[in-house]
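Reminder, nothing fancy here: chain letters follow the sequence lines and each chain counts from 1.
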Amino acid sequence: MRDKSTTEAEINNAWNKVLLARKITRFRSLDIIKHIFNSFIELHGDRNIGDDRSIIAGIAMFDQQAVTVIGQQKGNSQKEMEYCQYGMTKPEGYRKALRLMKQAEKFRRPIICFIDTPGAFPGVSAEKNGQAEAIARNLYEMANITVPILSIIIGEGGSGGALALGVANRVIMLENAIYSVVSPEGCASILYKDSRKAPVVAGHLHLTAIDLKNYGIIDEIISEEGTESSIFDRIKQSIEGELYRCSQLDGDELRKERIERYRNIGSEIVFS
Amino acid sequence: MSQNLFFKCTKCGYITERKKVEVNNYVCLSCGYYETLDYKKRLDMIIDQNTFTETNIHNDFHDPINFPGYRTKHEEILSRSNLNEAVITGSGYIDGQKVMIGVMDTRYMMGSMGVVVGEKITRLFEDAEDEKLPVIMFIASGGARMQEGIFSLMQMAKTSAAVLRFSEAGGLYISVLTNPTTGGVSASFAFLGDIILAEPGALIGFAGKRVIEQTINEKLPFNFQTAEFLMDHGYIDLIVERKNLKSTLSDILKIHDQENNKFKLEDNIGSINLLINS
């Protein structure tokens, strides 16, 4: 099952990133939000059925610039993890995020998303409340927003659950973050009926920041060298640069840039 | 027993003459189970005879992350069912009304969406916008195609944006959810139709049942993730029996034909202006 194109070292590296991205002591969205924004005010609820604790969202100042911030939150202990559903977002979470994105658009504020999820919440209530529709709606509406959207994958970028906050003008990844269509365990158990093959499959899926940068799927990798506060400073610098770049574009150009970014993936395919 | 003369129900195992099942639109005469249709049977059932023209035919194999075993699997399916991808797109007529149509086929890797599927669906919407035609999508898919990694995930964003642009241009999109409609396909273009129809009993949902059971450790409710369950919770417009699908689609098309609407968008705006000016 191992092909020649994926070397032993690549497999070890990919699996190592999976473990680092999932480490319980890893910094979380809220740590970053506290460090790089001022006057953060959390806003709750989807105005329909509830408030999803896997998503922390609100308004804040980024230096002199007003912004809307949306982050998937995990926690650093078993208890905290349980409280925020291990970062697995429910439909009401995606709808809360979308509500605040539309609010951001109304007030012409940029939107900054921090992605960290193993995937959308798999459960009876989530299916009842239209998980598929909620994700689809976010993909559709995010494409259309006329203010800048930046998405930063800080840990796990798990499939549609991550993409539903990831339709952005720029997609940035932390050095040890991962982004994948399926978890290595899920893929291994479907393809090989053996979830223990996950480390090898992680290599095959090419889910590391470097692979995704080489593919042109993401735009920038932020180094995780040094202390947490130095990592957060680099995240801040990166946002600063991207917001400056986006400030040169009008609403329609921002929307067009975002749509084209995804439109171009696969447009080289030849048909008869 | 000749395989061609007889037909065995996938669900209950009831064996009967193939002709009888065919006349019954491949719905089991004993238990009422809806067999998953291949694209040819679906087109025969929906599109006026000899009016289908295929567009964006793809003959290559696309393996963006060089995934082990992918090409072998592709070649197996190709030789078994002469199918090159999981969706067929084109134009055709329904009771004389022209449409663009896409039909997914689960014989090709569970109808999963990779780059080629995403591109074909995107082009279907773009072509429909150019030609000012409605789009009908018959969904049958297990979700995003794992073997194409992140590239298949990106097709969810791409196809959703294609629906957006088509919708902004005023186009009508009808999506028909058939067994199965799950994962990344349900979470993108499948649930973005102006009108969402479904076949009775179809499995429709986002997460797999096994994953849900493992996560929540509880019994799943009766009817869970069926078309009926989804309609009860407000996520689809109408469940339509297979034998009535063509006439229902035909009626929806007729109602959306602007020739049948005295209150067309432009006219409407005009009359509002008139009121303001007077």
Side-chain angles (χ1 to χ4, degrees), chain A residues 1-3 5-6 88 119-144 157 159-160 162-164 166-167 179-182 186-187 190-191 201 204-207 211-212 215 217 258-259 261-267 269-272, chain B residues 55-60 62 64-69 115-116 118-120 122-123 144-146 148-158 160-165 168 182-184 186-192 204-208 211-212 215-216 218 220-221 224-225 229-230 233-235:
Chain A
M1 60 170 285
R2 183 167 302 171
D3 78 329
S5 65
T6 318
M88 297 186 292
F121 189 85
V124 174
S125 69
E127 296 292 317
K128 230 183 236 180
N129 294 322
Q131 185 68 283
E133 194 275 344
I135 295 170
R137 190 62 54 198
N138 274 28
L139 304 182
Y140 180 96
E141 296 289 353
M142 283 181 85
N144 206 24
S159 195
L163 184 65
V167 179
Y179 192 17
S180 178
V181 67
V182 61
C187 189
I190 295 168
L191 286 185
V201 172
H204 294 158
L205 284 169
H206 296 282
L207 41 66
D211 282 343
L212 298 171
Y215 287 143
I217 298 291
R258 206 177 308 114
I259 290 173
R261 170 189 189 99
Y262 298 94
R263 178 64 192 89
N264 291 338
I265 302 171
S267 60
I269 288 170
V270 180
F271 293 94
S272 57
Chain B
T55 56
N56 296 318
I57 299 165
H58 181 254
N59 297 314
D60 299 329
H62 195 68
I65 62 169
N66 201 9
F67 199 88
V115 174
V116 174
E119 186 66 21
K120 285 179 85 165
T122 299
R123 291 190 189 200
R145 189 174 300 162
M146 294 176 300
E148 295 191 17
I150 199 74
F151 288 92
S152 63
L153 188 70
M154 295 299 115
Q155 303 311 305
M156 291 170 64
K158 182 166 93 178
S160 299
V163 178
L164 167 76
R165 283 175 295 156
E168 299 257 291
T182 59
S186 71
S188 59
F189 60 91
F191 268 106
L192 294 172
I204 303 166
F206 179 68
V211 181
I212 295 174
T215 311
I216 57 165
E218 65 176 279
L220 301 177
F224 186 59
Q225 291 187 326
F229 176 88
L230 270 287
H233 290 97
Y235 288 98

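- In this structure, chain A has a heavy atom under 4.5 Å from the side chain of B:P221, while its backbone stays farther away.
- Atoms CD1 and CZ, from A:I269 and B:R123 in turn, are 7.5 Å apart once rounded to the nearest 0.5 Å.
- Top candidate by heavy-atom pairs under 4.5 Å with chain A, chosen from B:L220, B:N59, B:L230, B:L192, is B:L192.
- When B:V115, B:T55, B:N56, B:I204 are compared by the number of non-hydrogen pairs under 4.5 Å with chain A, B:N56 comes out ahead.
- Heavy-atom distances place the side chain of B:E168, and not its backbone, under 4.5 Å from chain A.
- When side chains are defined from C-beta on, A:I135 does not count as touching B:F191, because their heavy atoms never get closer than 4.5 Å.
- Closest of all the heavy-atom pairs between A:I265 and B:F151 is CG2-CD2, 3.7 Å.
- Heavy atoms of A:R137 lying under 4.5 Å from chain B belong to its backbone as well as its side chain.
- Residue A:M88 touches chain B through its side chain alone, counting heavy-atom pairs closer than 4.5 Å.
- The shortest distance between side-chain heavy atoms of A:R263 and B:E119 falls below 4.5 Å.
- A donor-acceptor pair under 3.5 Å is formed between the side chain of A:E127 and the backbone N or O of B:A207.
- Expressed to the nearest 0.5 Å, how far OH of A:Y179 lies from CG of A:L163 amounts to 4.5 Å.
- By number of non-hydrogen pairs under 4.5 angstrom with chain B, the leading residue of A:D211, A:I190, A:V167, A:N138 is A:I190.
- The contact between A:S159 and chain B is made by backbone and side chain atoms together, counting heavy-atom distances below 4.5 Å.
- When the candidates B:M154, B:E148, B:Q155 are compared by the number of heavy-atom contacts under 4.5 Å with chain A, B:M154 comes out ahead.
- Expressed to the nearest 0.5 Å, how far OH of B:Y235 lies from CD of A:Q131 amounts to 9.5 Å.
- At a 4.5 Å heavy-atom cutoff, the contact between A:I217 and chain B is made by side-chain atoms alone.
- Contacts between B:S186 and chain A at a heavy-atom distance below 4.5 Å involve backbone atoms as well as side-chain atoms.
- Contact record, B:H58 with A:V270: CD2-O, 3.6 Å, taken as the closest heavy-atom pair.
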